[in-house]
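Each remark here refers to the structure printed beneath this line.
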4 protein chains.
Amino acid sequence: MIAQLKQQVFEANMALPHYGLVTYTWGNVSAIDRQRQVIVIKPSGVAYEVMQPDDMVVVDMQGDVVEGKYRPSSDTATHLALYRRYPQIGGIVHTHSTHATAWAQAGLAIPALGTTHADYFYGDIPCTRPLTPQEVEQAYEKNTGVVIAETLGDGNPLHTPGIIVYQHGPFCWGKDADEAVHNAVVMEEVAKMAWIACSINPRLRLIDDHLMNKHFSRKHGPNAYYGQR
Amino acid sequence: MIAQLKQQVFEANMALPHYGLVTYTWGNVSAIDRQRQVIVIKPSGVAYEVMQPDDMVVVDMQGDVVEGKYRPSSDTATHLALYRRYPQIGGIVHTHSTHATAWAQAGLAIPALGTTHADYFYGDIPCTRPLTPQEVEQAYEKNTGVVIAETLGDGNPLHTPGIIVYQHGPFCWGKDADEAVHNAVVMEEVAKMAWIACSINPRLRLIDDHLMNKHFSRKHGPNAYYGQR
Amino acid sequence: MIAQLKQQVFEANMALPHYGLVTYTWGNVSAIDRQRQVIVIKPSGVAYEVMQPDDMVVVDMQGDVVEGKYRPSSDTATHLALYRRYPQIGGIVHTHSTHATAWAQAGLAIPALGTTHADYFYGDIPCTRPLTPQEVEQAYEKNTGVVIAETLGDGNPLHTPGIIVYQHGPFCWGKDADEAVHNAVVMEEVAKMAWIACSINPRLRLIDDHLMNKHFSRKHGPNAYYGQR
Amino acid sequence: MIAQLKQQVFEANMALPHYGLVTYTWGNVSAIDRQRQVIVIKPSGVAYEVMQPDDMVVVDMQGDVVEGKYRPSSDTATHLALYRRYPQIGGIVHTHSTHATAWAQAGLAIPALGTTHADYFYGDIPCTRPLTPQEVEQAYEKNTGVVIAETLGDGNPLHTPGIIVYQHGPFCWGKDADEAVHNAVVMEEVAKMAWIACSINPRLRLIDDHLMNKHFSRKHGPNAYYGQR
């Protein structure tokens, strides 16, 4: 069971350099086993070139290592905070992908400008408020999760399957690790498109509501008709 | 006959990730057999990594599946509307390629700025008007084809072998599936060049008429002299 | 002799897709045999994937095919005009590389902003004036060469081993085909850097004269000390 | 001993084209053996495709070749000036990587805008002042090292493990050649992110001090907790 989840998390982590979202040891993916109340996450600072499925670290909901020879990702507390708050989330990914991170540094939400965006994200991709000095000093990684949840609120996190943390970068999620990575790839792409579109026409308009609703519901919810069923 | 068209459409679809125009399951290519009055099109939501020629779906002009184990692309009705309207078109491709989509999000035609553009597109690449809420609600995919035709008008569609749909992305076409993909690659490239050129010099001028005419006619029409004859 | 030059021109042409300067059949490289008064040039509209050394076309100084089963590049007359005017040139390349072409569409010289530029190009990379309707109608390709020479003037063409043609794209040259391609790669790179630099700081300054002189003379002329001698 | 250092410097040099930081013969990496008071550096103008470990050149602290069949990098005097001034530095790399060079041409420091930057660079990445005509004429390469040191001052060079030289490009360093290349990859990435972020929002703010301190100290110093210990 855990071996299978380790394999999934390993493969999801390896997808990050494949899709050009990370370099060196940056980025991390986790998945949760809700029944056993443990998460499987990338070890901290291990290079993708040498990483093996068995290097994944199993951590309980308090952040203590249950299994694994390595220390878990330094962002583990952020992942745990999100899993605790949102039962719908099965996998989480954090990267410093170029264009999503640029929006985080710009301190602006990634605006919903087209159907590529609306196929996955319902509305703008929000940017969190800055963390306070106290929040950074006392429990930085946990508070990163807290401020993401504060921004996201009580809605369905799978309708906004990712967010950018101010001056930091993107966190994305999904029903499992694979879908979380998929959403991270999409966020990077729509972040790039939005930058270029705003550069071409600074007076452009947000996507029309009826077009956004159509595209999101083509792929999500009871009336979805995209793909094979 | 249909087996051969399936193979062509399969190869044209596989060219999309090869040229960097799509990721995951995005994008779709079709071709028409005008004699049999059927089109062959990519199945909906199937990943390029596992797609086989036999996965292509055969659909009649009303959109009903004639042959194939999968559901056809969710954009099938757009393709059909264009084939019905323009007898010159033999293949159609839809992508969300980065720079062409950015112009669609900007809501602006891709301006004809140079010979790279004029070698393939005669004049600006137009951007459609927004679809109305009614058009989106009632028959979204078909109406996407209708608004493309409304924008393109009665001219020769092979003189403007592609268009961008407002807040959505590019549709391209050609005498067959292969030429449609070729035009999609060119549109993405001229969309990128036009963005950069406008960024370098916001006061630039459209291509001179005599230069545009020369380049388009070097490659198209009775006096073409590019390539081997 | 000619077989060797065909091999060199073939390899130089194949370097264009390798360095990302062309797609499909775009671009062309030639070299001259000054003794025999012939040039070897890429055939028109032949795809790089299938091109062979023996497909190169041998053309005399009047543009007539001396040897080869294909028609020569449609830009042959431009190459010939430059070889006739400048005895220092041994190889010529034409591409529609993205960033150099964007400057051509912007109608502006690529400004000399740094040492990367000065290592190869002494001063700005000029942009030609527009061709007149008459020049385009009467002998378009030859007149493209004429307007390049008009812009370049009587100086040493190896000090400005490339130029951009207004609303068209770059032509580069060197003492042989290989060096011409090298200069085309550099021009594309400095065109990209100049775009980004101007975007970061629209009030930037041209490279200081003493720095430009130092870098150009480090690599060129009697006191060069870069590389192995 | 020297054979091992040659191998390390060779591999670090080969990492430059791997990470897309150089083309052709551009760029160079060196490392120092403090005990023997020699450095190992890339030969000048040798292509990466054919370079071998044994081609690395051993040079003493006066710049005289101690071992090797080639002339050392033309930038050797810059490397030596930095090794002499900063005993903490074990490896140095120089490239003309696209985005870092664009900032150098823009004549502006790369601003510290986010955690990606702060994980490696403490504060802005400074841009040197212009070299004077005299400095360029008399001992250009040595004076490039001198102006870098003038800009960097007496702080710990490993807290600002790289700088951009006005109208030229980046120099980076680290405790060894491998870390120097790592920092060059990071500088190029944060230079790209900073360009895009400033383009998205010209009124963005520098990274909050508490966030910068947190991220830099997560990876550096006595309380670091990133990676495996």
Side-chain angles (χ1 to χ4, degrees), chain B residues 15 18-21 97-99 110-120 124 174 178-179 181-220 223-229, chain C residues 20 22-27 43-47 55 57 69-76 94-111 127 130-141 143-144 164-169 191-192 194-199 202:
Chain B
H18 173 77
Y19 283 109
L21 298 188
S97 69
T98 309
H99 297 86
I110 302 173
L113 299 178
T115 60
T116 317
H117 186 115
D119 279 339
Y120 295 88
D124 293 354
D178 194 51
E179 195 179 281
V181 170
H182 194 118
N183 290 328
V185 172
V186 173
M187 191 201 282
E188 175 60 12
E189 180 64 17
V190 299
K192 184 176 184 183
M193 284 176 175
W195 163 51
I196 298 171
C198 291
S199 162
I200 291 172
N201 184 3
R203 293 160 196 272
L204 51 67
R205 292 190 306 150
L206 290 178
I207 186 170
D208 290 337
D209 275 354
H210 51 279
L211 189 59
M212 179 175 77
N213 289 329
K214 179 68 182 175
H215 267 266
F216 192 78
S217 65
R218 253 192 5 163
K219 284 210 171 182
H220 303 88
N223 299 317
Y225 57 94
Y226 181 91
Q228 308 297 328
R229 311 277 143 181
Chain C
V22 300
T23 183
Y24 290 119
T25 65
W26 305 357
S44 182
V46 172
D55 299 339
V57 187
K69 56 183 177 282
Y70 286 121
R71 293 165 61 173
S73 165
S74 53
D75 296 313
T76 299
H94 170 51
T95 79
H96 288 205
S97 70
T98 310
H99 298 86
T101 302
W103 282 94
Q105 294 183 352
L108 297 174
I110 303 173
C127 182
L131 288 175
T132 65
Q134 289 71 30
E135 285 169 330
V136 167
E137 279 318 305
Q138 283 161 14
Y140 171 56
E141 289 82 4
N143 285 330
T144 298
I164 48 178
V165 176
Y166 181 65
Q167 294 185 337
H168 187 167
K192 184 176 184 183
W195 163 51
I196 299 171
C198 291
S199 162

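Below, all heavy atoms of this structure are taken into account, side chains as well, without hydrogens, waters or symmetry copies. Proteins get letters first, then strands, A, B, ... in listed order; numbering begins at 1 in each.
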So what's closer than 4.5 Å to chain B heavy atoms on C:Leu131: side chain, backbone, both or neither? backbone
Region of B:Asn213 in contact with chain C, defined by heavy-atom distances below 4.5 Å: neither
For B:Tyr120 versus B:Phe216, what's the shortest heavy-atom pair and its separation? O-CE1, 3.6 Å
Comparing B:Leu206, B:Asp209, B:Val185, B:Val186 against chain C, the one with the most heavy-atom pairs below 4.5 Å turns out to be B:Val185
Under 4.5 Å from any heavy atom of chain B - which part of C:Ser73: neither
Engaged part of C:Tyr70 at the chain B interface, taking heavy atoms whose separation is under 4.5 Å: both
By side-chain hydrogen bond (donor to acceptor under 3.5 Å, both in side chains) - contacts of C:Ser44 (at least two apart): none
How many angstroms lie between atom NE2 of B:His215 and atom OG1 of B:Thr115, to the nearest 0.5 angstrom? 4.5 Å
Name the region of C:Pro43, side chain, backbone, both or neither, that has any atom closer than 4.5 Å to a heavy atom of chain B. both
I need the residue from C:Gly169, C:Pro130, C:Pro133 with the largest number of non-hydrogen atom pairs under 4.5 Å to chain B. C:Pro133
Under 3.5 Å, which donor-acceptor pairs do the side chains of residues 190-201 of chain B form with other protein atoms, sequence neighbours left out?
{"unit_1": "B:Trp195", "atom_1": "NE1", "unit_2": "A:Ser199", "atom_2": "OG", "d": "3.0"}
{"unit_1": "B:Ser199", "atom_1": "OG", "unit_2": "C:Trp195", "atom_2": "NE1", "d": "3.0"}
{"unit_1": "B:Asn201", "atom_1": "OD1", "unit_2": "B:Arg203", "atom_2": "N", "d": "3.0"}
{"unit_1": "B:Asn201", "atom_1": "ND2", "unit_2": "C:Ala106", "atom_2": "O", "d": "2.9"}

C:Thr101 side chain to C:His96 backbone, donor-acceptor under 3.5 Å: yes
Regarding C:Thr76 and C:Glu141, is there a side-chain donor-to-acceptor distance under 3.5 Å anywhere? no
Side-chain donor or acceptor of B:Gln228 paired with backbone N/O of C:Arg71 under 3.5 Å: yes
Below 4.5 Å from any heavy atom of chain B, which atoms of C:Thr98 appear? Answer side chain, backbone, both or neither. both
Side chain from CB out, backbone as N, CA, C, O: work out which of these in B:His182 comes under 4.5 Å of a heavy atom of chain C, or both, or neither. both
Name the region of C:Val46, side chain, backbone, both or neither, that has any atom closer than 4.5 Å to a heavy atom of chain B. side chain
Could you pull out the closest heavy-atom pair between B:Leu211 and C:Tyr166, with the gap in Å? CD2-O, 4.2 Å
Only pairs of heavy atoms separated by less than 4.5 Å count here; which of B:Asp119, B:Leu113, B:Asp208, B:Leu204 has the most with chain C? B:Leu113
